[in-house]
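We number each residue from 1, following the sequence as shown. Hydrogens, waters and symmetry mates play no part in the numbers below; they use all other heavy atoms, side chains included. Keep in mind that what you see is a predicted model, and the values were worked out from it rather than measured.
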Amino acid sequence: MSRNDMTASPKPKHDPIVLARLVGQLGDRETISKRCAALGDVFAELLPDVLAGEFGFEIAVSYAGYEVGRYGQLISGLGGAMALADCELRDWSGQYAVVCDSPFIVTLVENMLGAVSDSIEEPEPRPLSRIELDVAAMIVDRISGVLKIAVGRTNSYEPLVGPPYNVEGRKTPENGSEEAFAAMVQMSVGIGPVLSNFYLVVPQRALLKSAIAAPKAANEIKTPREWSEQLSEQVRRSKVTLQARIRLESQTLDTISRLQAGDIIPFHDTTDVRVDVSANGNKLYVCEFGRSGARYTVRVKDTYGSEDELLQHIMG
């Protein structure tokens, strides 16, 4: 017997695609297409009533198609100006993501603050503010609630919803989850003339084990009125950075060009010093300058509008 005959043959390498199909992590396109369409139909059936019942205005939701690929690639392929939440549905999938286009959230907030849907122009996509991300958190929670109903007929599935953040700040996990075979369901959302989207990115192994169906009874999904109140309260409790502007005495360009460290510029006012307080570039209050102990302060003397108008100025 030759030396080569005695050498053990190398183990054959398995095709990763074939292996993924064998272990239920990858489905054929027809099967995934049907599961995504079924999930889209459930969102289209349930979400409009859920959201309209909470906000008091019509929100159209419709299925807009699907894509397949690796989990991380599907998310990165969406681009920027979106809010993303990393979520889990315990006992169903250890990971899924909800991604909302920024115009969807911006338009929703504007309507919450009293704007008329038909008069709102479509916002430019942009990173969301802290307040808008707070509102996005509530939307993700409702989307996750509908997902729970769509994929499970029992209460054993528990959504664990992560806080939304601007997708530009996403960090790639190092646990290999980015390489999971996944499907992305795209849903169109219409609020008045504004048409936007949200996306659900789910590992295919979770879809393949699910019998997706809408509830037969309308009362299987609850839409508590207090959720709307909680959402409004969330907006009102969000922190906003304020800026105070004090008018200084006019100076010539020659004087300004020669100012040095330690030079003093007097306030314009000689008695109570007027201060304009603003947020996001919009004036909110007329104040007077003062001190409280060792700290400088401003005292509110007047406002630039009603409570609702101030909220709209802040969100603008």
Side-chain angles (χ1 to χ4, degrees), residues 55 80-84 100 102-116 119-139 163-169 194 228-316:
F55 298 116
M82 297 181 173
L84 183 147
C100 297
S102 59
F104 170 29
I105 303 301
V106 172
T107 304
L108 184 62
V109 172
E110 289 180 351
N111 275 272
M112 288 173 57
L113 295 176
V116 180
S119 66
I120 294 177
E121 296 182 358
E122 184 164 352
E124 289 293 328
R126 59 168 174 78
L128 296 175
S129 68
R130 181 67 263 169
I131 293 177
E132 291 162 344
L133 288 173
D134 287 342
V135 174
M138 309 300 289
I139 297 301
Y165 54 91
N166 286 303
V167 71
E168 291 85 354
V194 178
S228 178
E229 297 172 359
Q230 181 184 358
L231 187 57
S232 297
E233 182 64 20
Q234 188 82 359
V235 171
R236 292 174 180 271
R237 292 175 59 186
S238 297
K239 292 185 177 181
V240 177
T241 300
L242 298 176
Q243 298 86 33
R245 174 179 292 181
I246 301 175
R247 186 178 177 185
L248 302 179
E249 191 175 88
S250 299
Q251 304 288 328
T252 66
L253 285 175
D254 181 61
T255 300
I256 293 173
S257 66
R258 291 186 286 107
L259 288 174
Q260 301 291 326
D263 289 343
I264 295 174
I265 303 176
F267 292 143
H268 177 270
D269 301 309
T270 57
T271 54
D272 292 336
V273 179
R274 177 189 170 110
V275 181
D276 283 329
V277 174
S278 61
N280 294 342
N282 296 296
K283 292 182 179 180
L284 304 178
Y285 304 109
V286 177
C287 302
E288 61 182 12
F289 181 74
R291 293 189 66 167
S292 176
R295 303 184 67 180
Y296 291 101
T297 63
V298 293
R299 177 183 290 110
V300 177
K301 297 184 67 177
D302 199 0
T303 72
Y304 279 99
S306 65
E307 180 180 348
D308 289 340
E309 289 172 335
L310 291 180
L311 283 172
Q312 292 186 34
H313 290 328
I314 293 171
M315 295 305 302

Hey, does Leu108 have a side-chain heavy atom less than 4.5 Å from the side chain of Ile139? yes
Ala83 to Leu133 - nearest heavy-atom pair and separation: CB-CD2, 3.9 Å
Heavy-atom side-chain contact between Ile265 and Leu259 under 4.5 Å: yes
CA sep, side-chain torsions, deciding dist, call: Ser129, Glu132, side chain to side chain donor-acceptor pair (under 3.5 Å): CA-CA 5 Å; Ser129 68; Glu132 291 162 344; 3.2 Å; yes
Within the side chain of Ser278, is there an N or O that forms a donor-acceptor pair under 3.5 Å with the backbone of Leu284? no
Could you tell me if the side chain of Val106 sits less than 4.5 Å from the side chain of Arg126, heavy atoms only? yes
Partner residues of Asp302 under the salt bridge (Lys or Arg N to Asp or Glu O under 4.0 Å) criterion, sequence neighbours left out: none
May I ask you to decide if Pro127's main-chain N or O and Ser102's side chain share a donor-acceptor pair within less than 3.5 Å? no
Measure across Val194 and Glu122 and return the closest heavy-atom pair with its distance rounded to 0.1 Å. CG2-CA, 3.8 Å
Sub-4.5 Å side-chain heavy-atom contact between Met138 and Pro164: no
Can you see which heavy atom on Arg258 is nearest to which on Asp263, and at what distance? O-OD2, 4.1 Å
Residues Val298 and Cys287: closest non-hydrogen pair is CB-CB, 3.8 Å
For Thr255, what residues pass the side-chain hydrogen bond (donor to acceptor under 3.5 Å, both in side chains) criterion, not counting sequence neighbours? Thr252
By salt bridge (Lys or Arg N to Asp or Glu O under 4.0 Å), Arg245 pairs with (sequence neighbours left out) none
Donor-acceptor pair, side chain of Thr107 and main chain of Phe104, under 3.5 angstrom: no
Atom CD of Glu249 with >12 non-hydrogen neighbours under 6.0 angstrom: yes
Shortest non-hydrogen contact between Ala81 and Glu168, atoms and distance: N-OE2, 2.6 Å
What are the two closest non-hydrogen atoms of Gly80 and Val167, and how far apart are they? CA-CG1, 3.7 Å
Value rounded to 0.5 Å, distance of OH in Tyr165 from CG in Leu84: 4.5 Å
Is the count of non-hydrogen atoms from other residues, nucleotides or ligands lying under 6.0 Å from Leu253 atom CG greater than 12? no
Would you say the side-chain atoms of Asp276 and Tyr304 include a donor-acceptor pair closer than 3.5 Å? yes
